[in-house]
Amino acid sequence: MSQNDEYTVEVLRDLGLLTKSQIEAARANMDKGGLLHTLLQGGVVTQEDVSRALAAQNSMDFVDLEHMQVERTLVEHMAAEDARRYQAVPVALRDGVLIIALADPMAMQTMDDLTYKLRRELEFVCATPDAIHKLIIKFHGDAADATSNLLKSMGEVEGHDVVRDEDEGGAVEGDAPVIKLVSMLLLEAYSNRASDIHIEPLETKLRLRFRIDGVLQEMQSPPKRLHGAIVSRLKIMSRTMSIAEKRLPQDGRIQVRVGEKSVDLRVSTIPTVHGESVVMRILDKTSLMLGLPDLGFLSDDQAKFEQCINLPDGIILVTGPTGSGKTTTLYGCLNYMNKPDRKLITVEDPVEYQMNGINQVPVNASIGMTFPAALRSILRQAPNIIMIGEIRDNETASIAVNASLTGHLVLSTLHTNDAPSAIARLVDIGVKPFLVSSSVRAVVAQRLVRRLCPTCKQPGELSEYEMSALQIEPGMLSQARVMQPVGCEACRGKGFKGRMGIFEMFLVDDEVRNMVNNNASTIALRQRARELGMRTLREDGVRKVLAGLTTADEVISSTMADLD
C-alpha cells in the first residue's frame with residue numbers, strides 16, 4: 001500500500017470510488033492508522049479498489065492472485081527473504097520476462113532493487129497486499145513456521161526463559177516471542193552466511209542489516225517497539241553485559257549451537273541518539289579448517305607461502321585494512337602448522353576463535369595483561385611459533401623482533417596498504433632498520449573479493465573499461481575463462497557465494513636487506529620486489545578474473561591502480 005494516504009485518497013476520488021462527503025466523514029473519525037486505514041476499516045473502499053486505482057494511475061496492470069495459478073518453480077526465482085522484505089512475488093514467465101506482483105505500484109526503489117538483484121528482464125504488475133502475503137505464506141511459510149524450524153535446528157539456547165527490562169520493572173511485552181525472534185534472527189544470519197549483524201535504531205524505525213560476503217544488505221526489520229527487548233535479550237545471552245547500563249558501550253560474547261555446529265558471536269553495543277546500536281560478529285569455527293587453497297592462494301603463491309611458514313625463525317607479516325581477512329589467513333596458517341611436534345602460542349585481543357592444540361592468550365589491558373606483558377611471559381614457555389594479533393606499538397614490535405632473532409617463528413598483522421610499506425611502518429614505529437632487515441622474512445598484503453557462485457556463473461565478456469583498468473591485453477583472453485554472475489537459489493539470487501583473497505607476496509632477500517639497512521624508500525623496495533617477481537594485488541586479481549573465479553568489477557573496487 002502507498003505510504004502517501006492523501007495522494008491515494010485523491011486518486012480514488014478522481015476515479016469516482018470516493019465522494020467528498022465520505023472523505024470528510026472518515027477524516028472526522030480517523031483512527032491511528034490514518035485516513036486510508038479508516039476508509040478501509042469502514043468498508044467504504046476495499047483493498048482491491050485501492051490496488052486497482054493505484055495500478056491504473058501508474059500505468060501498471062492489476063492481477064487477481066486469488067484466481068491465478070502460480071507455480072512453485074516461478075516463486076523460487078526470488079529468495080524468501082526478498083519476497084518478505086519487498087512484499088513481491090513472481091507470478092508468471094512470458095517470453096523470458098519474469099512477471100512480478102507488487103503490493104505498492106509506486107515503490108520505484110523496490111523495482112530498482114529487484115532488477116539489480118535478479119539480473120534479468122522484469123515486468124511489474126500490481127496485486128492486493130493480502131493476496132501477495134497469502135502467496136508468500138503458501139510457498140515460503142510464515143514467521144511461526146520459521147521460528148519452529150529455527151528451534152529444531154538450533155536446539156535450546158542457554159539463558160533465561162523470560163527477557164526482562166529492569167528500567168520498566170517488569171516483563172517486556174511479548175517476552176516469549178522476543179526470545180524466538182532473536183533466535184530466528186541469529187539463524188537467518190547464519191543461514192545467509194552473514195559475517196556481521198547490525199541492529200540500528202533510527203528515528204522512526206529499527207534497521208536490521210546483514211553483512212554478506214562483505215556487503216551490507218538490509219533485511220526485513222522487527223517493529224521498533226521491540227528494540228529494547230531485543231537488546232536486553234542479547235545482553236542476557238552474553239551473561240557479561242548489564243541490561244541496566246544503556247549509557248556506555250559494552251562488549252560481550254554469545255555461544256550458540258546451530259544444528260551440530262558451535263557458533264560464537266562477539267557482541268558490541270554503543271549508545272546512539274535513538275537508542276543502543278548493536279553489532280554482532282559471527283565467528284563460525286568451520287572457517288578455521290580452511291586450507292591455503294580455500295583462502296584464495298593459487299598453486300605458485302601457495303608453494304611460496306608454505307615455504308615461508310615452514311621456516312624455523314623470523315617474522316611473517318600479513319597486511320591490509322580492517323576487514324581484509326588478515327586474521328582468517330593467520331588462523332589458516334596456524335591450522336596448517338598445528339602439529340604435535342610444535343608448540344604454538346597466540347596473543348590476541350580478543351581471542352576470536354578457540355583452536356584445539358594451541359595455547360591462546362587473551363589480552364586484558366584493565367589488569368595489565370597487554371601485548372608486551374603477555375609476550376614477555378610466553379617466551380619463557382619455549383614456543384616454536386608465536387602468533388601476535390597485531391603489531392601496534394614499538395614495545396610489541398621490539399619483543400616480536402627479539403623473539404624472531406632468538407629462534408622463534410612469529411606471525412602477525414600490520415595495517416598497511418601494500419606489502420613493501422610494512423618495512424617502512426616497522427621503522428616508523430621505532431624498530432631499528434638493521435633489526436627489521438634481520439628478522440622479517442616475508443610480507444603478504446591481501447584484500448577480499450567475492451567469489452562467483454559455482455552453480456550459476458556463466459561465460460561473460462570484459463568491457464573496454466575493465467580491460468583498460470586491469471591492463472588486460474586481448475591476447476590474454478585466448479586461454480581465459482571469464483565468467484559473470486547470474487543468481488540462483490544456491491546463492492540466494494546474488495550471483496556470488498563466499499569470498500576469496502587476492503595477494504601480494506613480498507619475499508625479503510639479501511639485496512632487500514641491504515636496502516633496508518641503507519634506509520631505502522618504499523618505492524625502491526617495491527621496484528626490487530617487482531624484480532623478484534612479486535605480483536601486485538591487482539595483477540593477482542586479474543589472474544582470478546581470467547580463471548573465472550571472480551569479476552573484474554570486484555578486483556577494480558578492491559585494489560589501487562598499479563603506478564609502476
Side-chain angles (χ1 to χ4, degrees), residues 195 251 253-257 260-266 281-297 302 305-320 324-365 367 369-392 396-397 399-414 439 441-444 446 501:
S195 60
D251 294 303
R253 200 178 187 102
I254 296 172
Q255 193 169 54
V256 296
R257 294 194 67 81
E260 297 300 319
K261 296 180 180 179
S262 177
V263 179
D264 287 348
L265 296 100
R266 198 173 69 204
R281 169 67 58 86
I282 300 176
L283 307 172
D284 181 8
K285 293 181 180 179
T286 57
S287 62
L288 297 180
M289 310 316 294
L290 290 177
L292 297 182
D294 299 316
L295 295 174
F297 284 104
Q302 181 181 337
F305 194 57
E306 287 179 357
Q307 185 178 2
C308 291
I309 60 180
N310 281 316
L311 293 171
D313 55 35
I315 296 177
I316 297 173
L317 296 171
V318 181
T319 74
S324 60
K326 301 186 298 295
T327 301
T328 301
T329 297
L330 286 183
Y331 275 113
C333 294
L334 292 177
N335 184 52
Y336 174 83
M337 297 184 291
N338 188 11
K339 298 176 182 177
D341 61 341
R342 296 174 177 175
K343 180 163 184 175
L344 285 72
I345 299 182
T346 73
V347 184
E348 304 171 65
D349 181 21
V351 174
E352 292 196 0
Y353 300 96
Q354 297 177 15
M355 298 183 70
N356 292 327
I358 296 178
N359 300 279
Q360 295 174 272
V361 180
V363 168
N364 188 346
I367 60 172
M369 188 63 165
T370 60
F371 273 108
L375 285 170
R376 280 193 294 269
S377 298
I378 68 174
L379 288 176
R380 303 188 191 101
Q381 297 283 315
N384 300 104
I385 299 164
I386 301 169
M387 193 269 272
I388 305 170
E390 180 186 349
I391 293 178
R392 57 182 68 172
T396 304
I399 295 173
V401 167
N402 290 330
S404 71
L405 294 176
T406 53
H408 303 86
L409 181 65
V410 179
L411 308 176
S412 191
T413 68
L414 273 179
S439 58
R441 298 287 184 265
V443 183
V444 178
Q446 71 175 69

Checklist entry - Closest heavy-atom contact between Ala397 and Ile391? => result CB-CG2, 3.6 Å
Item to check | Heavy-atom pair of closest approach, residues Ala400 and Val410 | outcome: O-CG2, 3.8 Å
Next on the checklist: Can you list everything that forms a ring-ring contact (aromatic ring centres under 6.0 Å, His included) with Phe297? Sequence neighbours excluded, please.
Outcome noted: Phe305, Phe503
Checklist entry - salt bridge (Lys or Arg N to Asp or Glu O under 4.0 Å) with Arg281: which residues, sequence neighbours excluded? => result Asp196
Checklist entry - Out of curiosity, Gln360 CD to Ile345 CD1, how far, rounded to the nearest 0.5 Å? => result 11.0 Å
Checklist entry - Who are the salt bridge (Lys or Arg N to Asp or Glu O under 4.0 Å) partners of Glu348, not counting sequence neighbours? => result none
Checklist entry - Got a sec, which residues hit side chain to side chain donor-acceptor pair (under 3.5 Å) with Gln307, two or more places apart in sequence or on another chain? => result none
Checklist outcome for this item: In this structure, CG of Leu283 is separated from CG of Leu265 (nearest 0.5 Å) by 7.0 Å
Checklist outcome for this item: Separation between CG (Leu409) and CG (Leu311), nearest 0.5 Å, reads 7.0 Å
Checklist entry - Are the side chains of Val361 and Ile378 in touch, meaning some heavy atoms are under 4.5 Å apart? => result yes
Item to check | Candidate pair Leu411 and Val318, rule side-chain contact (heavy atoms from CB on, under 4.5 Å), full reasoning | outcome: CA-CA 8 Å; Leu411 308 176; Val318 181; over 6 Å; no
Next on the checklist: I need the single residue from Ile385, Leu334, Ile388 that forms a side chain to side chain contact (heavy atoms under 4.5 Å, CB included) with Thr346. Which is it?
Outcome noted: Leu334
Next on the checklist: Under a 3.5 Å distance rule, please check whether Asn338 uses its side chain to pair with a backbone N or O of Asn356 as donor and acceptor.
Outcome noted: yes
Checklist entry - CD of Gln446 to OG1 of Thr413: how many Å apart, nearest 0.5 Å? => result 10.0 Å
Checklist entry - Ile386 versus Leu379: any side-chain heavy-atom pair under 4.5 Å? => result yes
Next on the checklist: Checking the side chain of Lys326 only, and the main-chain atoms of Gly320 only, is there a donor and an acceptor separated by less than 3.5 Å?
Outcome noted: yes
Item to check | Pairwise side-chain contact, Ser195 with Ile282, heavy-atom cut-off 4.5 Å (strictly under) | outcome: no
Item to check | Qualifying residues under salt bridge (Lys or Arg N to Asp or Glu O under 4.0 Å), relative to Asp313, sequence neighbours excluded | outcome: Arg441
Next on the checklist: According to side chain to side chain donor-acceptor pair (under 3.5 Å), who are the partners of Asn384, at least two apart in sequence or on a separate chain?
Outcome noted: none
Checklist entry - Ignoring hydrogens and geometry, is there a side-chain-to-backbone donor-acceptor pair from Ser412 to Leu317 under 3.5 Å? => result no
Checklist outcome for this item: Looking only at heavy atoms, the pair that brings Tyr336 and Ile309 closest together is CD2-CD1, 3.4 Å
Checklist entry - Given the rule in the side-chain contact (heavy atoms from CB on, under 4.5 Å) test, do Leu295 and Tyr331 qualify, once you have shown the distances and angles that lead to the verdict? => result CA-CA 11 Å; Leu295 295 174; Tyr331 275 113; over 6 Å; no
Next on the checklist: Please check: side-chain N/O of Lys343 versus main-chain N/O of Asn359, any donor-acceptor pairing under 3.5 Å?
Outcome noted: no
Checklist entry - Hey, mind stepping through Met387 and Ile358 against side-chain contact (heavy atoms from CB on, under 4.5 Å) and telling me if it holds? => result CA-CA 10 Å; Met387 193 269 272; Ile358 296 178; over 6 Å; no
Next on the checklist: Atom CG of residue position Asp341 - does it have more than 12 heavy atoms of other residues, nucleotides or ligands inside 6.0 Å?
Outcome noted: yes
Item to check | side-chain contact (heavy atoms from CB on, under 4.5 Å) between Val363 and Met369, intermediate numbers included | outcome: CA-CA 5 Å; Val363 168; Met369 188 63 165; 5.6 Å; no
